[in-house]
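Read the structure below first, then the notes.
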Amino acid sequence: MPELPEVEITKNELKKILLNKHVDEILINTNSLRIPIKKREIKQLERLKVIHISRRGKYILITFSNNYILLIHLGMSGRIVFKKKPFIINKHDHFALVINKKFFIILNDPRKFGLVDVCYKEDLFNCYHLKYLGIEPLTNGFSFQYLKKILSNRKSNIKNLLLNQRLISGLGNIYVCESLYESNISPFKIAKNLNKKQISSLCLNIKKILKIAIKSNGSSISDFKLPSGLLGNFQNKFKVYNREGKKCKNIKCKGKITKTTIGGRPTYYCCNCQKM
DNA sequence: CGTACGACCTGCCCGC
DNA sequence: TGCGGGCAGGTCGTAC
């Protein structure tokens with residue numbers, strides 16, 4: 001599921017139900033997701049109050065009253081699900097926070113590419129997970145100047161560069177494909193060869209698409225739902241993603257959307273509209 | 001240094 | 001109906 005918009009919305013829903021609540025109990029039903037789970041440390045968060053919930057890149061950060069922070073990454077197939085008692089453990093439920101003895105906040109992740117970790121507040125931005133994350137694309141710091149700087153001298157294609165979390169954090173395969181289409185830039189284009197107009201357009205379109213996706217409650221593909229069960233809507237607004245062979249959405253273009261592979265990942269684009 | 005590729009997992013969909 | 005192959009929203013380590 002989860003790129004920046006989906007993680008952002010999940011975080012917002014978590015805020016509504018979890019912020020300023022005491023966590024009665026933490027259930028751990030797994031030995032390992034992408035990294036081993038620190039059972040002892042995580043168990044020490046029981047009976048503490050959640051005082052802050054935020055997002056950094058694709059990580060959800062839950063701060064407890066002892067200043068320890070729970071980090072959650074949803075990987076490829078992870079979801080947060082809210083449930084009420086009686087709670088039945090489903091397949092791939094790895095982890096749950098229990099509040100008011102009857103509400104369960106569950107991490108379900110079939111492919112186990114996600115992770116749960118814990119970190120002391122003071123060490124947070126030096127911790128292994130967050131230390132190398134690049135800029136947040138929805139902040140003012142992500143500007144024409146910044147994008148120009150990180151593109152200069154890069155021989156990588158623009159698509160792989162945008163997926164690099166050390167440069168920009170939060171973009172994933174869907175939103176990179178969509179942003180490049182919206183900016184009329186070929187995913188194969190070498191990063192350092194983008195001209196000023198393209199850099200400017202790309203910067204604006206990344207922000208625009210992420211904002212629309214957040215407003216649309218994210219993309220619900222392969223059954224992704226918000227914790228509350230709500231479906232996202234941005235998948236209906238895809239212009240290239242999952243649209244192989246379909247008509248390009250540009251009225252002036254008679255071409256069809258092409259599917260190819262870049263860096264081992266499916267890549268959708270219009271070879272008429274998106275320029276090398 | 002940058003890039004390319006396989007590995008990590010499971011479920012689902014398609015074709016035979 | 002059942003099986004096998006290919007595919008999937010992410011990230012990391014290794015090899016060149």
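Computed over heavy atoms, backbone and side chain alike; hydrogens, waters and symmetry mates excluded.
A salt bridge does not link A:Glu25 with A:Lys101: none of the charged nitrogens is closer than 4.0 Å to a carboxylate oxygen. Ion pairing between a basic and an acidic side chain is recognised when a charged N comes within 4.0 Å of a carboxylate O; A:Lys239 and A:Glu182 show such pairing. Salt bridge status for A:Lys256 with A:Glu244: absent, with no side-chain N to carboxylate O gap under 4.0 Å. Under 4.0 Å is where a charged nitrogen must lie from a carboxylate oxygen, and between A:Arg47 and A:Asp24 no such pair does.
For A:Tyr128, the listed nucleotide lying nearest its side chain is C:dC12; candidates were B:dT3, C:dG10, C:dC12. Set against C:dT11, B:dT3, C:dA8, the side chain of A:Gln165 has C:dT11 as its closest nucleotide. In this structure, of B:dG2, C:dG10, C:dA8, it is C:dG10 that holds the atom nearest to the side chain of A:Arg265. Taking only side-chain atoms of A:Pro110, from C-beta outward, the nucleotide of C:dT11, B:dG11, B:dC9 with the closest atom is B:dG11.
Here B:dC12 presents its C1' atom at 14 Å from CG of A:Asn242, a figure rounded to the nearest Å. Residue A:Leu133 contributes atom CG, which lies 14 Å from atom C1' of C:dC12 at whole-angstrom precision. Across the protein-nucleic acid pair, A:Arg154 atom CZ and B:dT3 atom C1' stand 12 Å apart, rounded to whole Å. A straight line from NZ of A:Lys131 to C1' of C:dT11 spans 18 Å, rounded to a whole angstrom. A:Asp109 has its CG atom 12 Å from the P atom of C:dT11, to the nearest Å. One atom, CD1 of A:Ile35, and another, P of C:dC12, lie 10 Å apart when rounded to the nearest Å. Separating the OH atom of A:Tyr59 from the P atom of C:dG10 is a distance of 13 Å, rounded to the nearest angstrom. The distance between atom CG of A:Leu162 and atom P of C:dT11, rounded to the nearest whole Å, is 14 Å.
Counting only N and O atoms by type, the side chains of A:Asn205 and A:Ser183 include a donor and acceptor under 3.5 Å apart. Between the side chains of A:Asp123 and A:Asn126, not a single donor N or O lies within less than 3.5 Å of an accepting N or O. The closest side-chain donor-acceptor pair between A:Asn108 and A:Lys91, if any, does not fall under 3.5 angstrom.
Within the nucleic acid shown, A:Gly264 has no heavy atom closer than 4.0 Å to any nucleic acid atom. Heavy atoms of A:Tyr175 sit nowhere under 4.0 angstrom from any nucleic acid atom.
Look at A:Phe113 and the base of C:dT11; the rings do not stack under the cut-offs of 5.5 Å between centres and 30° between planes.
The side chain of A:His73 contributes an N or O atom lying less than 4.0 Å from OP1 or OP2 of C:dT11. Contact annotation: A:His92 reaches the phosphate of B:dG11 (side-chain N/O to OP1 or OP2, under 4.0 Å). The side chain of A:Lys58 contributes an N or O atom lying less than 4.0 Å from OP1 or OP2 of C:dT11. Residue A:Lys112 places at least one side-chain N or O closer than 4.0 Å to OP1 or OP2 of B:dT10.
One donor-acceptor pair, N or O on each side, does fall under 3.5 Å between the base of C:dA8 and the side chain of A:Arg111.
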(Q) Please convert DNA chain B into dot-bracket. A pair counts if it is Watson-Crick or G-U wobble with both distances under 3.5 Å; crossing pairs go in [ ] and bases paired with another strand get |. (A) .|||||||.|||||||
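Residues A:Glu13 and A:Phe82 form a side-chain contact, since some pair of their non-hydrogen atoms from C-beta on lies under 4.5 Å apart.
Only the P atoms considered, B:dA7 is 15 Å distant from C:dG5, to the nearest whole Å.
Position along DNA chain B of the nearest nucleotide to A:Arg34 versus A:Lys91 favours A:Arg34 as the more 5'-ward residue.
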